[in-house]
Structures are given as C-alpha cells and as structure tokens.
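To keep things clear, I will list the structure first and then write my remarks on it.
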Amino acid sequence: MQGQDGERDRHGARNGGDRSPGTPDEMPAEASAETSAEAPTGTPAEVPGTPLATPDPEPRRGRPRSAAAERAILDAVIALLEAGEPLAGLSIERIARTAGVGKATIYRRWSDKEELFVDVVRDMEPDDPPVSGTEGLADLRVMLESLRTRGLAQRSSALLHNIFAQMKSHPKLWNEYHGTVIAPRRLAMVEAVRRAVAAGELRDDLDVELIDDLFVGPMLVRTVHRPDAPLPDDLADRIITALLQGLAPAARV
C-alpha cells in the first residue's frame, strides 16, 4: 500500500453490497439512489436548422471524489483493526458508520472489501520510490532498498505485521494484493534486469527471471523469513556487490 496511488481512480463504481468477501456483488439501494442523484439530468432542446450536438465519447462522471471522505474511510478501517477487529469481521456497513459516510461513498471507490483492504495496506506501507525507468542496476538498487524499508516497516508496526498475517489466510484478499501490488513490483524489477543486461551491466547468457530471483531472494529472506536478521542501511549495496563479484574465492596468484 505504499500509498503512491493517491488518486485510486482505478476503482470504478461496480455493483456491490454489504457483504463478506466472496459473495456476489449487489449494489445497495442507497448506492443506487445516490449515484442516480449525482448523474447529470436533462438534455438540451433541439433547435431547428442546427446540427445535433456530438455525443460525449464517455458517460459523464458524477461529482468529484472527496479526498477527505477517502481519507476518513481508510482511517476508519485502521481504527477498527487497531481496536482488535479481524479483517474477516469488518463489514462495509460498519466501516461506513465509523467513517461517517454512506455505503455508496465506499462503493464508488472500491468494488469490494478486498480492494479496500489492499489500499489500506498500501496506505500503511512506505511509498514506492520513483525509478528512472531507463537505468538498469541503479533502478534495481532503488527497488531493493524499497523492499528493505518495507521490511523495516512491518517489523516496527505490530498492526501491519498482523494485517499481513491475516491476509495470507484469506486467499481472495491475498490474491488481490498479489495481483495489484506484488506482481507489478516484480515486473518492474524484471524490466530493470533486462535494461541492465542490455547495457552490459549483467551477463546476457542467463535467464532474466533467474537473475531477478538472485537479487530479490536475499532481501526477502532477511525481511520475511528471518525477522530477527539485521537490515542495515547498506544491505542493498552489499547484495548487488556480492552478486556482481560472485561467490567463488579469488584466484590465487
């Protein structure tokens, strides 16, 4: 959740209802009424002898989304989780009541609880840092450092650690997080490996997926599988240097 997607416009107003994950989407009556109230009404009268107006290429949107309402919704979920509510026990109705908004306000931004919870996690995590998109090893280093800082964030936040533990026991939620957060990050790293290979910074006779795993693997072991392992500031540089130099002992003269 690294809150870099502040606009969150990828969440269209899809049908949904106050439900638990995995149940069919049904737009609540409140959402339908509020959405209808927001839609522009009326059409201009036709004037004889004048050409008909060209229709809009896309349907007009309702009123602009409120950043304050979105912030209140995310904060409401965090507050409920801090109070000990499990992810599985949170309903859209309860979240809306805590945030002081209508359920329709939530459904205009998120189609279901899974999308909302993923954005809550991204909001709590450190932001994804910008990368050049043209460099190879330099961008790899930035992304490895981001992985390290996210590991530190999970260690320092009992709530974030608890949320991740709960997410892994809810396949639909974990799949949503993996598809919208983890997969794009992995793809970005693989593309950085390709750029490094093309620039002559890395060998061109190895599979790029394997090279990516070799860079990411040590950081994941430290951040996920060894929660007691140190995460020093220079860890990304040390991983890159070790891989570039190789593990074979220096040749004896």
Side-chain angles (χ1 to χ4, degrees), residues 1-43 56-128 153 157 159-160 162-164 166-167 169-182 184:
M1 51 181 242
Q2 307 201 72
Q4 74 277 18
D5 355 87
E7 72 278 3
R8 310 194 191 280
D9 282 351
R10 64 188 178 83
H11 303 301
R14 227 174 59 192
N15 286 345
D18 188 13
R19 65 204 181 287
S20 299
T23 58
D25 293 338
E26 295 181 0
M27 174 67 80
E30 174 188 358
S32 178
E34 188 170 341
T35 301
S36 299
E38 291 180 358
T41 59
T43 57
D56 291 338
E58 296 182 0
R60 294 182 181 178
R61 297 176 182 271
R63 62 172 175 254
R65 293 172 178 170
S66 166
E70 194 162 288
R71 182 70 262 165
I73 294 165
L74 296 175
D75 287 344
V77 176
I78 294 173
L80 290 169
L81 293 171
E82 287 178 334
E85 292 286 345
L87 281 173
L90 291 182
S91 68
I92 293 295
E93 183 176 8
R94 177 80 180 280
I95 294 167
R97 186 166 62 248
T98 303
V101 301
K103 289 190 293 183
T105 301
I106 296 178
Y107 282 117
R108 279 196 300 275
R109 292 158 174 80
W110 296 278
S111 65
D112 53 30
K113 292 197 299 184
E114 285 73 30
E115 285 189 354
L116 171 55
F117 292 160
V118 166
D119 275 355
V120 169
V121 176
R122 297 175 79 166
D123 185 67
M124 295 177 66
E125 288 184 319
D127 290 342
D128 282 330
S157 171
L159 177 60
L160 192 56
N162 184 37
I163 290 175
F164 270 101
Q166 292 187 60
M167 283 173 62
S169 64
H170 294 81
K172 186 177 179 182
L173 177 53
W174 182 251
N175 289 339
E176 176 74 16
Y177 181 78
H178 188 279
T180 60
V181 180
I182 296 179

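As a basis for the values below, the full set of heavy atoms in this structure was taken, side chains included, without hydrogen atoms, waters or symmetry mates. Positions are given from 1 along the sequence.
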Partner residues of Leu159 under the side chain to side chain contact (heavy atoms under 4.5 Å, CB included) criterion, sequence neighbours left out: Ile78, Leu81, Glu82, Met124, Ser157, Ile163

Exercise: identify the closest heavy-atom pair between Gln166 and Ser169: O-OG, 2.7 Å

Point-to-point distance, once rounded to the nearest 0.5 Å, from CZ of Phe117 to CH2 of Trp174: 15.5 Å

Inter-residue atom distance Ser91.OG - Lys103.NZ, 0.5 Å rounding: 8.5 Å

Side chain to side chain contact (heavy atoms under 4.5 Å, CB included) involving Ala79 - partner list, sequence neighbours excluded: none

Atom of Ala76, atom of Ile95 and distance for their closest heavy-atom approach: CB-O, 3.9 Å

Test item: Ile92 and Asp112 side chains (from C-beta on) under 4.5 Å apart, heavy atoms: no

Spacing of CE belonging to Met167 relative to CG belonging to Asn175, to within rounding of 0.5 Å: 10.0 Å

Pairwise distance CD1(Ile106) to CG(Leu116) - rounded to 0.5 angstrom: 6.5 Å

Partners meeting side-chain hydrogen bond (donor to acceptor under 3.5 Å, both in side chains) with Glu85 (sequence neighbours left out): Arg94

Separation of Tyr177 OH from Asp119 CG (nearest 0.5 Å): 11.0 Å

For the student: nearest non-hydrogen atoms of Glu70 and Trp110, plus distance: CG-CH2, 3.7 Å

Shortest non-hydrogen contact from Pro184 toward Gly179: CD-O, 3.5 Å

For Lys113 against Leu90, the heavy-atom pair lying closest together: NZ-O, 2.5 Å

